[in-house]
Amino acid sequence: MAATRYNSGDLRRQVGSPRAKNRDTKETLCRNVVIYGHCRWEDSGCTFNHDQNKASVSQTDLNSNRRVFNVESPSFTPANQQQSAGKKSTFSSQAASAAPFTPRGVGTSTPTLQQANDSTIFNPAAIREFTPQNYDVGNTISQNGAQHVTQDGGLYSDPFSISSLGQTMPPQGQYNPYANDPNNLAGAGAGLYQPAGFGNGLVHPPNYHLYQPPSELYRPSLQPYQRTTYDFFIPKDRRENLQKKLFHMQQLLPNSGLPNLDRWHSLFPLDTKATRNSTCFGYPSWMYKAQNNKNGRHFALRRIEGYRLTNEKAILNVTKEWKKIINANIVTVHEAFTTEFFGDSSLIFVYDFHPLSETLYDHHFPPNNSHNRLRNTNKIPENLLWSYVCQIANALLAIHNAKLAARCLELSKIIWENNRIRLAACSILDVLHHDSPNRKTIEELQQEDFVKFGRIILALATNTPTLNFNNIDAALATIVPRYSTQLRGVLEWLIKPSAPGETKTVETLLGGITTHLANFANFVMQESDEKEFHLMRELENGRIARLMFKLSVVNERGDSCGVHNWSETGERLLLKLFRDYVFHQVDADGKARLDTNHYLNCLSKLDASSEEQILLTSRDNATVFVVSYRSIRQMLDRAYGELGKESKPSATGATI
Ligand SMILES: Nc1ncnc2c1ncn2[C@@H]1O[C@H](COP(=O)(O)OP(=O)(O)OP(=O)(O)O)[C@@H](O)[C@H]1O
């Protein structure tokens with residue numbers, strides 16, 4: 001092999017100038033000048049060019065004659081765009097503060113090419129304020145439906161673009177951020193959101209399918225040791241679910257008309273129904289997601305509309321006790337305060353925000369298209385009902401042990417997310433009824449919790465929303481044979497009054513359902529094992545991401561640390577050749593070789609500083625180095641450290 005072999009310590013030894021090839025060597029800059037700044041053989045026969053200035057000029061000439069795009073090519077600017085705009089199409093610094101892209105007319109015909117000057121200008125005035133009540137869906141859609149705005153002025157057709165997605169949307173539908181399927185937009189919550197929601201400030205969800213394997217069905221049959229790209233990352237469903245959660249966490253509705261509160265901003269409505277019912281608290285209530293001014297975290301705010309607080313101690317006493325309860329099946333309460341920012345006197349409760357949650361009621365009694373809730377004809381599996389029993393029992397154990405009562409135990413006040421349920425409205429009734437003359441004792445309220453608990457499970461087991469219960473005995477009679485006698489026994493114990501002198505306790509309940517508790521604990525632990533498995537894989541990917549950051553910081557950097565063309569000189573050139581070795585490999589025909597396994601393999605070895613040696617070749621094949629991963633790793637750390645010495649710490653203080 002023609003390779004020149006060196007120990008890593010010999011790397012600074014100059015290589016003899018490569019043999020002249022077909023082209024005129026006088027035009028080609030000598031590699032020794034590139035690497036070491038000078039060439040020993042300049043005056044003793046080296047035929048290459050030693051004048052850097054001349055080389056760069058001739059290189060430019062060469063490039064101007066070539067019509068090939070390479071990494072140094074200026075960014076692509078479509079010719080017709082320049083013509084129509086009449087000026088260079090680059091982003092100015094003002095673009096950073098430009099209003100977000102707001103497509104109008106989603107759900108209508110194919111987007112048309114528009115003049116950048118008029119139609120693509122963001123016009124906040126054209127956007128209607130957030131008006132939850134009496135909202136006329138049809139009218140507004142037809143008004144906005146006539147307008148078309150394309151993100152790129154129609155210069156290219158992106159099959160995943162918002163405008164093309166709009167064509168697949170039902171014409172009468174509205175964007176419901178809580179719909180699992182964004183294409184099925186005509187679901188609940190229509191009245192609460194802007195028409196054609198994407199177009200009025202709601203940010204469109206990411207294109208999850210871009211991360212999906214092309215097809216699971218036609219997966220090639222692989223040997224046990226072979227992998228597809230997707231085997232290296234977390235499963236697509238999990239990734240999509242996590243991305244949706246992040247998206248919901250960050251979702252904004254700029255023209256919602258909702259106020260900023262003292263310490264809260266970016267309020268986003270969570271309610272999926274326009275109609276308010278006051279049955280639960282005696283006052284209408286609203287749910288919002290909001291961001292805290294101080295720490296930037298997202299919280300769920302429940303607003304009790306039109307409530308005038310008379311005794312401030314009510315809030316202080318109650319929240320002090322509830323804040324202490326941290327439980328996997330209870331939404332943590334943080335604080336409560338009053339406000340007049342909504343134009344009335346409202347009482348606000350602050351809870352943890354759990355993205356993608358829906359109420360247990362909405363989950364098991366979903367509305368049909370005409371917004372009537374049908375009896376759910378599917379039987380809920382018994383093990384799922386037992387899992388609910390275990391989870392609510394767990395929540396009640398924590399609450400009753402703290403000498404409190406859940407009180408607000410209803411299907412619509414329990415949130416559900418992937419079969420995990422949480423009591424979502426704790427502490428509210430304690431504040432509202434704090435000074436009520438007919439206040440019940442805590443023991444009485446705890447006994448009532450058991451009855452409400454039983455009614456929730458009975459409603460689910462009989463597919464009947466709680467309020468429709470006329471005859472509890474008849475409902476209990478239908479449980480068997482659909483479910484086991486043990487489930488019926490537990491429901492009877494919960495709902496029916498206890499024998500005189502006997503008090504129900506959560507401990508008694510737990511003692512009667514130990515098998516189901518063990519099953520549930522087993523299931524939870526298996527799930528946790530699976531999550532840890534995926535986490536370990538992501539840990540590997542995290543290490544590789546950090547290496548990539550470092551490599552990217554060093555590669556292609558121009559003048560730095562007082563050295564002209566820093567990343568091309570000295571040992572940094574080897575880092576560039578390493579980058580080529582990992583990512584720019586070609587096959588025998590000169591075609592790009594794409595192999596994720598190769599990327600991951602090389603980067604993992606680099607991370608582990610493997611002693612394995614690899615062959616790095618310059619792009620013109622004129623020079624070859626044999627070097628170990630360990631040496632490359634040391635060079636990378638040195639180069640990165642060198643940059644670190646001359647740079648100031650970043651504002652966030654984050655380092656790789
Ligand atoms: N802590 C929370 N985190 C995230 N979402 C929540 C939280 N609490 C409630 N939600 C969501 O807010 C929405 C509205 O909740 P709410 O309790 O008002 O239900 P509802 O069905 O509107 O009940 P009602 O008919 O009594 O008003 C529901 O989709 C629910 O899942």
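Remember, it's 1-based here, ligands and their atoms both numbered in the order they're listed.
The shortest separation from a heavy atom of R302 to ligand 1 is under 4.0 Å, placing the residue in contact. Using 4.0 Å as the threshold, S357 has a heavy atom nearer than that to some atom of ligand 1.
Close approach of ligand 1 to D352 (heavy-atom distance below 4.0 Å) involves ligand atoms 1 (N), 2 (C), 3 (N). Residue-ligand proximity, A300 to ligand 1, at heavy-atom distances under 4.0 Å covers atoms 1 (N), 2 (C), 3 (N). Of all the atoms in ligand 1, the ones that sit under 4.0 Å from a non-hydrogen atom of V331 are 1 (N).
For the pair K379 and Y483, the cation-pi test (distance below 6.0 Å, angle within 45°) is passed.
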What donor-acceptor contacts under 3.5 angstrom involve side-chain atoms of residues 504-520, with partners at least two apart or in another chain?
from	atom 1	to	atom 2	distance (Å)
K504	NZ	W493	O	3.0
K504	NZ	L494	O	2.7
K504	NZ	K496	O	2.8
T505	OG1	T508	N	3.2
T505	OG1	T508	OG1	2.5
H516	NE2	Q486	OE1	2.8

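With I414, L360, L270 as candidates, the residue nearest to atom 13 (C) of ligand 1 on a non-hydrogen basis is L270. Scanning N277, V350, L411, T359 for the heavy atom closest to atom 25 (O) of ligand 1 points to N277. For atom 31 (O) of ligand 1, the choice among E358, M249, M287 with the nearest heavy atom turns out to be E358.
Across C426 and I399, no two heavy atoms sit closer than the pair SG-CD1, 4.2 Å.
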- Task: Applying side-chain hydrogen bond (donor to acceptor under 3.5 Å, both in side chains), run through N277 and T279 and close with a yes or a no.
- Result: CA-CA 6 Å; N277 88 54; T279 25; 2.4 Å; yes
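Side-chain N or O atoms of Q391 include one that pairs as donor or acceptor with a backbone N or O of I421 at under 3.5 Å.
With sequence neighbours left out, the side chain to side chain donor-acceptor pair (under 3.5 Å) criterion links E382 to W386, S484.
Where the criterion is an N or O separation shorter than 3.5 Å, residue side chain and backbone included, K413 meets it with respect to ligand 1.
If you look at R422 next to ligand 1, there are no close heavy atoms at all, none under 4.0 Å.
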